[in-house]
Amino acid sequence: MQPSTITAYLLANRAFVAPTVEQAVGALELAGRTRLLDAGTGAGGGLVALARAGDPSARVLGVDRNPQALALARAHAEEAGVASRVETREGDLLEVLAEASAPGEGFDAIWASDVVWPGNFADPAAAVGALAGALSPGGVLALFSSNYYQAQFLPGHSRLQQKLRTASELNWGIPGGGPTHYERHVHWAVAAGLRNVRVRVLPRVAFPVDDDPTVRPYLERVVWPELLEAARKKGREAGLDDGKLKLAEALLTPGGDRYLLDEPGYYLVHSMLLVTGER
């Protein structure tokens, strides 16, 4: 992606998930927790939510290896009035976690949103183990997932969406199953020895689609481009024939006669997941 495209992607995604992130962070009960980590902070949605939810004395460290994303995160913190409570660091998350595993250096809470999956870690279970090991005794780990592949993006075209999902997984190199599959956050939390592991489902429903100003940008700048790129690169491998490829292009291309968002009955169901556990 070009820098401007990446920025549009990150901002549209941050705006869409923001209400759900606020809800999820609110469920962590951060009172009394003063040392917080946003692992893989991206454009800073979790960073700001953590700073708002934490005690006035709490400080949040946001770590990411993408300097462009960190610039957006810092700007977001400034705009939200919480810049004095946050710090950002460009670098490798595993190095930060290794430092925090030393006695007295642990975090009271760690937030990891859409960061632990095989696209980022060859061994996601080990990454969750490192996150758990970076907690102070009694600290809480929150593994948040937008649950992208389980969202209902194409109502009325379920088989097409299934094949587009498969094409996307192939395009990202995501395994079809097994111990590194992205849906195994609960398994990894349990394997890391965390206590009181819980799963929460946090749904977003949009209808009519333009009642929520974050939905159309999310679909048009994040979801549709990703699915169409996957269809063009891996569609055949995923079982899409010429007819289905043309249909995907027609449904997901703004301005066309069959554009999905122009259907009066279009709706979106996007259920996100929060997995928590305590050290």
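Owing to the predicted nature of the structure, the values given are computational and were not obtained by experimental measurement.
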Can we call the ring centroids of Y148 and H270 under 6.0 Å apart? no
[Y] reachable from [X] in the ILVMFWY side-chain graph, under 4.5 Å edges:
X: M272; Y: W188; answer: no
X: L93; Y: L70; answer: no
X: V86; Y: V96; answer: no
X: V115; Y: L50; answer: no
X: F121; Y: I174; answer: no

side-chain contact (heavy atoms from CB on, under 4.5 Å) evaluation trace for V63 with T41: CA-CA 6 Å; V63 176; T41 194; over 6 Å; no
Tell me whether the rings of F153 and Y218 are parallel (<30°), tilted (30 to 60°) or perpendicular (>60°). tilted
If you measure from [atom1] on [X] to [atom2] on [Y], what distance do you get to the nearest 0.5 Å?
X: E87; Y: R74; atom1: CD; atom2: CZ; value: 10.5 Å
X: Y267; Y: Q152; atom1: OH; atom2: CD; value: 4.0 Å
X: L170; Y: K233; atom1: CG; atom2: NZ; value: 13.0 Å
X: T253; Y: E220; atom1: OG1; atom2: CD; value: 10.5 Å
X: N171; Y: L227; atom1: CG; atom2: CG; value: 10.5 Å
X: L274; Y: L28; atom1: CG; atom2: CG; value: 6.0 Å

Less than 4.0 Å between a side-chain N and a carboxylate O, is that true for R232 and E249? yes
Do the charged groups of R165 and E169 touch, with an N to O distance under 4.0 Å? yes
Is [X] reaching over with its side chain to a backbone N or O of [Y], donor-acceptor style, under 3.5 angstrom?
X: D108; Y: R35; answer: yes
X: D64; Y: G42; answer: yes
X: R14; Y: A43; answer: yes
X: Q161; Y: L154; answer: yes
X: N147; Y: L273; answer: no
X: R221; Y: A8; answer: no
X: D55; Y: S57; answer: no
X: R279; Y: L135; answer: yes
X: R59; Y: T34; answer: no

Criterion side-chain contact (heavy atoms from CB on, under 4.5 Å) on K244 and R159, from CA distance to verdict: CA-CA 10 Å; K244 292 298 185 184; R159 290 186 181 177; 5.7 Å; no
Residues, nucleotides or ligands: over 12 heavy atoms within 6.0 Å of [X] [atom1]:
X: R198; atom1: CZ; answer: no
X: E90; atom1: CD; answer: yes
X: D257; atom1: CG; answer: no

Yes or no on side-chain contact (heavy atoms from CB on, under 4.5 Å) for Q68 and T7, after CA distance, side-chain angles and deciding distance? CA-CA 8 Å; Q68 187 176 347; T7 296; 2.8 Å; yes
Checking side-chain contact (heavy atoms from CB on, under 4.5 Å) for the pair V215/F16: CA distance, chi angles, key distance, verdict? CA-CA 6 Å; V215 175; F16 176 75; 4.0 Å; yes
Please name the residue in the list V140, L143, L141, L61 that meets the side chain to side chain contact (heavy atoms under 4.5 Å, CB included) test with I110. L141
Is it the case that the side chains of [Y] and [X] hold a donor-acceptor pair, with the cut-off being a distance below 3.5 Å and no angle test?
X: T214; Y: D212; answer: yes
X: Y9; Y: E226; answer: no
X: S146; Y: D114; answer: yes

Over all atoms of both residues, closest heavy-atom pair of [X] and [Y]:
X: G235; Y: L245; answer: CA-CD2, 4.4 Å
X: L164; Y: A231; answer: CD2-CB, 3.7 Å
X: S145; Y: H185; answer: CB-CE1, 4.5 Å
X: V25; Y: A49; answer: CG1-O, 3.7 Å
X: P264; Y: F207; answer: O-CE1, 3.5 Å
X: T180; Y: P175; answer: OG1-CG, 3.4 Å

With side chains defined as the heavy atoms from C-beta onward, is the minimum distance between [X] and [Y] less than 4.5 Å?
X: R204; Y: P19; result: yes
X: W117; Y: P124; result: no
X: L260; Y: W224; result: yes
X: R89; Y: L37; result: no
X: Y259; Y: Y266; result: no

